[in-house]
Amino acid sequence: MNFGESLLSAVFVVLVVFSVLVILWGLIRIFSVLIGAIEDRGKSAGDGGSGV
Amino acid sequence: MFLDSIKNIIFGSGFAALTWQSLVMLCVAGVLIYLAIAKKFEPLLLLPIAFGMLLANLPLADLMAEPGTGDAPGGLLWYLYQGVHLGIYPSLIFMGVGAMTDFGPLIARPSSLLMGAGAQFGIAIAFIIAIAIGFTPQEAGSIAIIGGADGPTAIYLTTRLAPHLLAPIAIAAYSYMALIPLIQPPIMRLLTTEKERQIKMEQLRPVSKLEKVCFSVIVTVLCILLLPSVAPLIGMLMLGNLFRESGVAARLSDTVQNALINIVTIFLGTTVGATAVGENFLAPKTLGIIALGLIAFMFSTVGGLIIGKVMCVLTKGKINPLIGSAGVSAVPMAARVSQVEGQKANAKNYLLMHAMGPNVAGVIGSAVAAGTLLSLFGS
């Protein structure tokens, strides 16, 4: 393997790591918002029930 | 007759079979035992590694001998080594790590993932240098992963790509992890200003149980779909974490993070140490691996800090760049170093929980890097 190929391989590894973790970042954000909304709805429904 | 018998006993003993390589390795084992006991350098791993090294370099004991034909049953350590050879032990240790790890700080601030990714930079640098000085791509990948600062990942990848380098790579990886409090602080002070180090970070939001449970499943599905080769590590890491976070498997979680990880650590350490046989270990390559490992570690720290600094600028000073260096895995020691350095600059600074985010992101990052190297250079 020559220098150019090793450089390309190294850049590829770093790119894959960044890509996977950035996708993960996005997914965590999406799920956090969704879960937050679900939990808020559940909480407000619970609060409504206790007031009756 | 009597003298002949004594002669036979002496020449048939291990003393007669001692070589200079085995004597040097016995001394190295002695130094490592000293460091583990007296200096407390990663003793839980260094002690079994050093003792395994001692056992494997005692001639004629044949503890690492493969089973032969006929009556030769093979050595005890050879059988235990199959757990390393087949990639079982690193994955089981990852299960224990998962059961011990709280991913809450990462979920609360998922941008920490960027610092975990940046702290894999040393892998790339070490890989390029290793190729330049004559290592094969498989060897270079195994050496470079030391920069991930993750022992089980380094062992897993090396057994797949370059098993003949297992001993020096494992020993370098664990030695540098033990030396993190010495390696990282000078680089952290060099790359950050006093003002940056003093930054106090806002408290993290609480993370719900549902978020933590979903996180285990999301990471497993995403990482394994993208990189199937990383399935044993990420799969076991997240299974252990699911035991912990589900709240319904307390006994399993307890077993995995205590009994199981301790048993596996004994087998892993002893057998990895037993691969360090003088004739193979005392080679110029070993010195190259130790030097490259240090380079990988230092550049990974630099990468994490640079991303930390960029995030500090982008958030207008809300993120202390010191937490970036914790992206080099080595949970939780690297996070503790961030905490200590932060408190030196500002006594009221509590960075530990903030640094745990990049720290655990680094575990995932180094596993992804290992999976990528395995996809590129695995057979």
Side-chain angles (χ1 to χ4, degrees), chain A, chain B residues 103 106-121 123-132 135-137 140-141 144-145 148 205 207-211 213-215 217-219 221-223 226-227 230 303 307 361-362 364-373 375-377:
Chain A
M1 182 179 264
N2 60 35
F3 177 75
E5 287 171 331
S6 69
L7 189 67
L8 269 180
S9 303
V11 170
F12 179 73
V13 171
V14 172
L15 275 180
V16 170
V17 172
F18 266 95
S19 307
V20 172
L21 296 193
V22 165
I23 294 171
L24 196 54
W25 177 10
L27 284 174
I28 292 171
R29 289 293 300 160
I30 292 168
F31 272 84
S32 290
V33 170
L34 283 175
I35 290 167
I38 291 166
E39 285 179 338
D40 283 348
R41 193 178 294 175
K43 202 182 282 180
S44 56
D47 289 346
S50 64
V52 173
Chain B
F103 284 97
L106 176 62
I107 302 169
R109 187 184 287 118
S111 58
S112 304
L113 284 159
L114 288 181
M115 288 181 263
Q120 311 308 318
F121 180 57
I123 294 175
I125 298 292
F127 179 82
I128 294 168
I129 299 174
I131 292 288
F135 284 100
T136 66
I145 202 70
R205 71 172 176 86
V207 175
S208 69
K209 179 181 160 183
L210 183 58
E211 279 180 277
V213 169
C214 288
F215 176 81
V217 178
I218 293 166
V219 172
V221 173
L222 174 73
C223 291
L226 285 174
L227 283 166
V230 87
I307 298 287
I364 300 172
S366 55
V368 171
T372 313
L373 287 165
S375 305
L376 283 175
F377 305 117

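Throughout, protein chains are lettered first and strands after them, A, B, ... in sequence-line order, and every chain is numbered starting at 1.
Counting heavy atoms from C-beta outward, A:I28 and B:F103 have side chains that stay 4.5 Å or more apart. You'll find the side chain of A:L21 stays beyond 4.5 Å of the side chain of B:L114, heavy atoms only. At a threshold of 4.5 Å between non-hydrogen side-chain atoms, the residues B:F127 and A:V13 do not count as touching.
The local environment of CZ in A:R29 is sparse, with at most 12 non-hydrogen atoms from other residues, nucleotides or ligands closer than 6.0 Å.
In this structure, A:F31 CZ and B:I218 CD1 are separated by 4.0 Å, a value rounded to the nearest 0.5 Å. A:I35 contributes atom CD1, which lies 5.5 Å from atom OG of B:S208 (distance to the nearest 0.5 angstrom). The structure places CD1 of A:I23 at 9.5 Å from SG of B:C223, a figure rounded to the nearest 0.5 Å. Atoms CD and CD, on B:E211 and A:E39 in that order, are 6.5 Å from each other to the nearest 0.5 Å.
Per-residue heavy-atom pair counts under 4.5 Å with chain A were compared for B:V219, B:L106, B:V207, B:L222, and the maximum is reached by B:L222. Comparing A:V16, A:N2, A:L34, A:I38 by heavy-atom pairs within less than 4.5 Å of chain B, the highest count is held by A:V16.
In this structure, chain B has heavy atoms under 4.5 Å from both the backbone and the side chain of A:F18. Only the side chain of B:I131 comes within contact range of chain A, with heavy atoms under 4.5 Å apart. Proximity to chain A (any heavy atom under 4.5 Å) is shown, for B:S111, by both the backbone and the side chain. If you measure heavy-atom distances from B:A361 to chain A, the contacts under 4.5 Å come from the backbone alone. When heavy atoms are compared at a cutoff of 4.5 Å, B:A369 approaches chain A by way of both its backbone and its side chain. In this structure, no portion of B:R109 lies under 4.5 Å from any heavy atom of chain A. Contact of B:I307 with chain A is made through the side chain alone, with heavy-atom distances under 4.5 Å. Residue contact with chain A, scored on non-hydrogen atoms closer than 4.5 Å, is absent for B:I125. B:I107 touches chain A through backbone and side chain together, each having a heavy atom under 4.5 Å away. A:V20 touches chain B through backbone and side chain together, each having a heavy atom under 4.5 Å away. Contacts between A:V22 and chain B at a heavy-atom distance below 4.5 Å involve the side chain alone, from C-beta outward.
The two atoms that bring A:V14 and B:A124 nearest to each other are CG2-CB, 3.6 Å, heavy atoms only. Across every non-hydrogen atom of A:W25 and B:P110, the tightest pair is CD1-CB, 3.3 Å.
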